[in-house]
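Report on one structure; see the data block that follows.
Just the heavy atoms: all of them, side chains too, but no hydrogens, waters or symmetry mates, feed the values below. The model shown is predicted, which means the values in this text are computed figures rather than measured ones. Sequence lines set the chain letters: A, B, ... in the order given, protein chains first and strands last, and positions in each chain run from 1.
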Amino acid sequence: MKDIVLNVNGIEVIYNHVILVLKGVSLQVPDGRIVALLGGNGAGKTTTLRAVSNLLKGERGEVTKGSIELRGERIENLTPADLVQRGVVQVMEGRHCFAHLTIEENLLTGAYTRSSKQEVAANLEKVYNYFPRLKTRRTSQAAYTSGGEQQMCAIGRALMANPNLVLLDEPSMGLAPQIVEEVFEIVKDLNQKEKVTFLLAEQNTNMALKYADYGYIMESGRIVMDGPAAELATNEDVKEFYLGVGGGERKSFRDVKSYKRRKRWLA
Amino acid sequence: MGFFLETLLGGLMTGMLYALVALGFVLIFKASGVFNFAQGAMVLFAALAMARFAEWLPKWLGFSSPVLANVLAFILAGVVMFAVAWVVERLVLRHLVNQEGATLLMATLGITYLLDGIGQTLFGSDIYKIDVGMPKDPLIAFESTFQGGILINKEDVIAAGIAAVLVIALSLFFQKTGTGRALRAVADDHQAAQSIGIPLNRIWVIVWCVAGVVALVAGMIWGSKLGVQFSLATVALRALPVVILGGLTSVPGAIIGGLIIGVGEKLSEVYIGPLVGGGIEIWFAYVLALGFLLVRPQGLFGEKIIDRV
Amino acid sequence: MIYRENGQFKTTYRADQQIFPIAQDRVAIALMLVVAFVVVPGLASDYMFRAILIPFLIMSLAALGVNILVGYCGQISLGSGAFMAVGAYGAYNIFMRTGMPVVPSLLLGGLCATVFGILFGLPSLRVKGLYLAVATLAAQFFADWMFLRIKWFTMDTPSGSVAVSNLQVLGWPIESAVSKYLFCLAFVVVMALLAKNLVRSAIGREWMAIRDMDVAAAVIGIRPMYAKLSAFAVSSFIVGVAGGLWAFVYLGAWEPAAFSVDMSFRLLFMVIIGGMGSIMGSFFGAFFIVILPIFLNQALPAVGSLVGVTISTAGISHTEFIVFGALIVWFLIVEPHGLARLWAVGKQKLRLWPFPH
Amino acid sequence: MHAAPSPAQPPAGTGRKVGDVILDVKNISLAFGGVKALTDISFDVREHEIRAIIGPNGAGKSSMLNCINGVYQPQQGTITFRGKTFAHMKSRQVAEMGIARTFQNLALFKGMSVLDNIMTGRNLRIRSNIFLQALRIGPAEKEEIQHREYVERIIDFLEIQAYRKTPVGQLPYGLQKRVDLARALAMEPQVLLLDEPMAGMNLEEKQDMCRFVLDVNDEFGTTVVLIEHDMGVVMDISDRVVVLDYGKKIGDGSPEEVRANPEVINAYLGTQH
Amino acid sequence: QAKEQFIPVLSYRTGPFAPNGTPWANGYVDYLKLVNARGGINGVKLSFEECETGYDTARSVECYERLKGKNGGASLVQPLSTGATYAITEKAPGDKIPLVTIGYGRSEAADGTIFKWNFPIAGTYWVAADAILQAIVKKEGGWDKLKGKKIALVYHDSPYGKEPIPLLQEREKMHGYQLSLLPVASPGVEQKSTWLQIRQSRPDYVLLWGWGVMNSTALKEAVATGYPREKMYGVWWSGAEPDVKDVGDGAKGYNAVTMQHGAEPQSKVVKDILAMVHGKGQGTGPKEEVGQVLYMRGAMSAMLGVEGIRAAQERFGKGKVMTGEQVRWGLENLNLTQAKLDALGFAGVMRPISTSCVDHMGAAWARIHTWDGSKWNFTSDWLQADEQVIKPLVKTTAGKYAAEKKLSPRTPADCQS
Ligand SMILES: Nc1ncnc2c1ncn2[C@@H]1O[C@H](COP(=O)(O)OP(=O)(O)OP(=O)(O)O)[C@@H](O)[C@H]1O
Ligand SMILES: Nc1ncnc2c1ncn2[C@@H]1O[C@H](COP(=O)(O)OP(=O)(O)OP(=O)(O)O)[C@@H](O)[C@H]1O
Ligand SMILES: [Mg+2]
Ligand SMILES: [Mg+2]
């Protein structure tokens, strides 16, 4: 395997001093790859990403065990700002746009760590190219844009920092199918052309496995399965539970009945 | 008529002085979403530092020029306020990232107690003097037009001028620079701001430094007017309707709010007060602010309060 | 006994909806009541009653009232001092003018505060958050002024300072420290119980819904006006009664400055440091803000002499300020949601004990 | 709901039989300053059906629901519900008439437990006054228990028993969505407006959610208006679909018709589906 | 242990009123130390403990409760706060602790038949107001000259500030001047509108009833609006060094009535304190402050309390520790002759005082002093407040209080006990 950019080693995370959420999660993100983190609600994907980008503190969570290394450097004690300086940017789940700032101001704030004016202007142009919808809404306050527009804004804002490792938390949530595809195309684009590495937490397994190189599957705070994306996509369980194509045909949502299924890896 | 104008003018001047204190509130609120209860205490602390340094420095260093003493004292007091900003960030704010407004408000209450305690321990709790050579005598203008002329307080005019300059400079800073934008971003969402690399620590130190300097200027002016003692902190309470009326997030709002409140409270006290036994200006200022709020719930220039589902 | 709820299965919703669903809690509360009503009166000194316990109880009650408005309904109020004042002066006028017994006077005083509270709560229908604080501050300063200036309220005493005496309940004089303490305690217990019932009923949920997200609350059919004004009403009633107690029982004679804006701020701080949206938090908050400074004031000289320094009176006060400020900050860092939450987390840990998680 | 027992029981399961128009939206226009969120939109919803609204981001779907809910006041147009026509609706009235909704960006009451959140949905039906509630005697307590029973059934139904007493703020996103649905269901609505209920869920969870929606629709005959970006879901479970684009209606019909509509393909679906 | 007479000291050395509270407390404590240095009261040493009130009523009550029972019980209490005085007035009878308020508190408390435990010795606010009017009359040349004159009262908007109003209104009826009332909200940092009104109506005299920062602010505003300081008269809480210190030259010519004493750096008691207390390194505050106005007020307050104890000892047994009740008797039967004052070192500082069961005030004398830019100088003779005016006022007001509280006045027999 190539160089490891990010090496998460057996971390445990506790919220509020009492709620143990991650119970020893390890994963590696190789340079220039797209790694997907899959798993159901509450599996701990967001928490994992927060632990990496050091945003746990504001949620009153802390890493109590294990280590996180960025290109060999321990980063548990760096501030999120330090991490952005090192090129690691997180796109937070649930948008988190700056409500009172306009879309354009939101994007420009994303370039806080960039000092070159031309670079910022070029980046802005690039983001507007990726998301033309943002351009038409550029002067409107972020709070007054639609959910999808905010999602684009959040992604665009992260791109403004010229990152080399992006932690994407549910990028596709709330986006129209067309845009979802576009977003993933953008991810692929950045990955291939600009060598940006991605760690991506997703519910849309279909898409994620299509674009990712490698995947981890989480369940209640543990990694339960991992492997190259292509392999995962052919795994029977993954097919059934995450892709909905178990047993050949895609099942209609109408027909799925409520029998309790049991995942084999939980056995 | 002459008296009316005089009252009006007096109100405008007082308003500018309130604006100076209000500015401190606005700065910190705008840049971190914290309602800084400690603003009054900061004004007092800065004024105390300046007054005492101006007294001590000539003794320590053995010179006698009052101008030099004042300049040095101002600088030293500024340094002290920087230190305060740094300590506040280190020991308090840093640990309260992403907490709710009420929690942060409470933290600034803690800071108030600390500043009061430390300030009085270091600098004493007597009454002290700041003498920066502000003219104290009145100026009577338009004597030919109005009987008795119009009295203008020179000290107030100078103070108002300083306040205006500060406000203009800070408005430009917020609207036009990238840092200003980053500050507004922080106020909206600490966590998102962190996630895109805005160093909250540094930002907060900067803002509290600026607020500290504003407090120092306010403290200097109010202190030279009133003398430096504990009650100086209470001007914060008079500045509160100003902040609210102008909008918690608007720097120019502080000035406009100040002018409206200043004029409103003076006119009300002078013209309505005697009818009801006087002493109405404080609550009148608040009621006036409230009246404006009913029309514009976010204050005159405040950012619109957003609630969307 | 170890704090566990294992084996306590609720078979009815009624059981699950008790005030204290966990048996140990029930026992603890019962014990506390016994201590408060029986043990304390036998043990505490006159000073303890008059200077510590009585003000603590009354301020807890006031904080509880403020907590309903601020903590449960999310309407920031800095007018609590005014509501207390209205309660106090209202009760005073009723007591002096009509000769009504103390308890109904106090309750009617609370009712006066309710009316006043609703009146100044009206702006909350339009104005929110810190901006609302200004409306309530207007109430505060207006009340200060009103009781200084309008002689009728103070029964034309020249200085505007008023006093009451000869308090009795059904012939029992409320003069001794113990009787005053028990009198306040009874008020506090009853009101806390009623308040607890309210906040866990439909109306309490309406308040919290308005606090957490008012647009969504409106969409599920909650009328913001009713919810907000009822919170103002209930809150100012409790605060008003507390004001009456503060004036009648603690001070005995008072002037408007006894209910100044300082009081409003202190009450708000009690609520925040104690825990917003927690009845128990009100007591913690009152303890912290009322008793801690007094304790520090007395403990610091002792600590000083331990390490061999004598501190001057002024020095003690300054140190008291510093220590108190530092404690506030420290507690907030440990638990931003107040002492009540700290308490809850502590209990949770106890429940898991001896395992860490 | 799996054969839930009786008292305070919602109208008995009627099976699915699409009836008459229950909600009729006519010529609604809504603008914010320069932004035209909705232009002259008309569509109707029939009783017991599942009606989907789709469209690209910013098309005005959520705004449409907000108009029906009385959160926004359209500048033009009328809304007719059960034969009554309104120029704009009042939130409280809408709730009383039996329209409930969930929110795209989660609008739960963060400081309250799951149970309390859902209980707020019952508030409209609380009869005892504030004094009775304070004393918690007799009718107040009985009432509280009755509503609690109802809510518990919803909790069972949505399979969130384990989180009853957890503060909602601490739940993962997907579960919060479920609580949001539970709160709406607690209102015993006749019409349920769902704004992207399945966003942020994986397939399994979406399947669960679909099952809930279908069950509600089947067993209580609740009419459902659904905004969703997952075309699989929309195609599978909805009866009719409205398509909005930039505030205009560009399509309306059965899933198959809509899917074949070139304008819709162009504006929204892209080529994939 | 029990040989010590305990005196609680309620003081405020922090907060908004610290600049004024501190010198008072220093004088009070220094005098108590002096008494001990002189050998105590007939051999009975004094013990005392300070408690910081911050000029807050609730905190004052706490201090009172904390100290009242300590060290064998408090002999008497002096809270230096009108608000606290009102609250403690309700508690003192029950606790049997005399409440001594030298120059503050409720004016009607001079009536000892109703206010058994209150001792506003040596002057109330009504005395102060009357003395000021008399000084003005002297300047003007007769009471009749007051007719049509405008007098403004700029007062702290609290019971304290409102105390003089009944007397001033009474006199207004008698002499036909025009009284205008200008309240200033506490703490009094913003007075622009007040002084604008003064500038407009140009009153002939301005009476100042402030405390703390309000005083200096008023003077500064007077400077700023050009109102002549010579025409301003302050109460004795508005006439000390902290009030004028930072106004400096601006306050030149400003007058204030005194509680008999002024700044007394030359008096014997000051010299004694400097020698026997400060000289031993036991001074409470800075040396320079000894003898200043508020410092003297503190010392004098302490002295009056101590003399009350001494008087009690004379009746109940010399060299014994007195109970609160006994001290009360002493305070009520105080007879400070000139000779006694001389011996105590108060010669020239004050005049003889004698109290009685009916009269808890004992004297109604005052002087005016004027700030010359660097110190206070006496500028008037002794002035005596007019009993004819004050007595009836005290009687009716006290009577009303008694009626409200359902108290009956003390009988002559009670007076004997
Ligand atoms: N601030 C918090 N305090 C307490 N518990 C939390 C907090 N945030 C998350 N949790 C808990 O941590 C667990 C994992 O949550 P996390 O948000 O990481 O899941 P996720 O995999 O991202 O889920 P989703 O797909 O729904 O976003 C959940 O059980 C949640 O309840
Ligand atoms: N309160 C408002 N003020 C200003 N503009 C608004 C407001 N609400 C909505 N808009 C604008 O109206 C348009 C429609 O928004 P809406 O939220 O209805 O979109 P949507 O169809 O729900 O999109 P999405 O699928 O992304 O949620 C958007 O461009 C949005 O910016
Ligand atoms: Mg997540
Ligand atoms: Mg939407």
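- C:Pro336 has its side chain out of reach of B:Met106: every pair of non-hydrogen atoms, C-beta onward, lies at least 4.5 Å apart.
- Of the atoms belonging to C:Leu268, it is side-chain heavy atoms, and not backbone ones, that fall under 4.5 Å from chain B.
- Between chain C and the residues B:Gly278, B:Gly299, B:Ser125, B:Gly101, the most heavy-atom pairs under 4.5 angstrom are made by B:Gly278.
- C:Leu332 CG to B:Leu96 CG: the interatomic distance, rounded to the nearest 0.5 Å, is 6.5 Å.
- Here the closest heavy-atom approach between residue C:Tyr131 and residue B:Leu248 is recorded as OH-N, 2.8 Å.
- Of the atoms belonging to C:Val271, not a single heavy atom falls under 4.5 Å from chain B.
- One distance of note links CD of B:Glu281 with CZ of C:Phe141; it measures 11.5 Å at 0.5 Å rounding.
- B:Gly277 and C:Arg149 make their closest contact through O-NE, 3.0 Å (heavy atoms, listed as atom of the first residue, atom of the second, distance).
- No other option in B:Leu290, B:Leu115, B:Leu114 has as many heavy-atom pairs under 4.5 Å with chain C as B:Leu114.
- For CZ of C:Phe265, the number of neighbouring non-hydrogen atoms (other residues, nucleotides, ligands) closer than 6.0 Å is greater than 12.
- Both the backbone and the side chain of B:Val276 come within contact range of chain C, with heavy atoms under 4.5 Å apart.
- Ranked by heavy-atom pairs shorter than 4.5 Å toward chain B, the options C:Val127, C:Leu125, C:Val134 are led by C:Val134.
- Contact count against chain B (heavy-atom pairs under 4.5 Å) is highest for C:Trp145 among C:Phe331, C:Trp145, C:Phe324, C:Trp330.
- Considering all non-hydrogen atoms of both residues, B:Leu293 and C:Arg126 come closest at O-NE, 4.4 Å.
- Within the 4.5 angstrom heavy-atom criterion, no atom of B:Val97 approaches chain C.
- Smallest separation of non-hydrogen atoms from B:Asp116 and C:Phe321: CB-CD2, 3.5 Å.
- Shown here for B:Ala107 and C:Val329, the closest heavy-atom pair between the two residues is O-CG2, 4.0 Å.
- The nearest pair of heavy atoms linking C:Leu130 to B:Ile244 is O-CD1, 3.9 Å.
- When each of B:Leu105, B:Thr112, B:Ile280, B:Leu288 is checked for heavy-atom pairs under 4.5 Å with chain C, B:Ile280 comes out on top.
- Taking chain C as the reference chain and counting heavy-atom pairs below 4.5 Å, the highest number among B:Leu237, B:Leu240, B:Val287 is found for B:Leu237.
- Other residues, nucleotides and ligands contribute only 12 or fewer heavy atoms inside 6.0 Å of the CZ atom of C:Phe295.
- Looking at B:Phe284, there are no atoms closer than 4.5 Å to chain C (heavy atoms on both sides), in backbone or side chain.
- Under the 4.5 Å side-chain criterion, counting only non-hydrogen atoms from C-beta, B:Tyr113 is in contact with C:Ile328.
- Your options are B:Arg296, B:Glu100, B:Gln99, B:Gln120, and the one with the most heavy-atom pairs under 4.5 Å with chain C is B:Gln120.
- Options B:Leu91, B:Thr108, B:Leu104, B:Thr103 differ in how many heavy-atom pairs under 4.5 Å they form with chain C, and the most are formed by B:Thr103.
- In this structure, B:Phe37 and C:Phe269 have perpendicular ring planes: the angle between them is above 60°, well past the 30° mark.
- Close placement of the B:Trp283 and C:Phe142 rings is indicated, their centers lying within 6.0 Å of each other.
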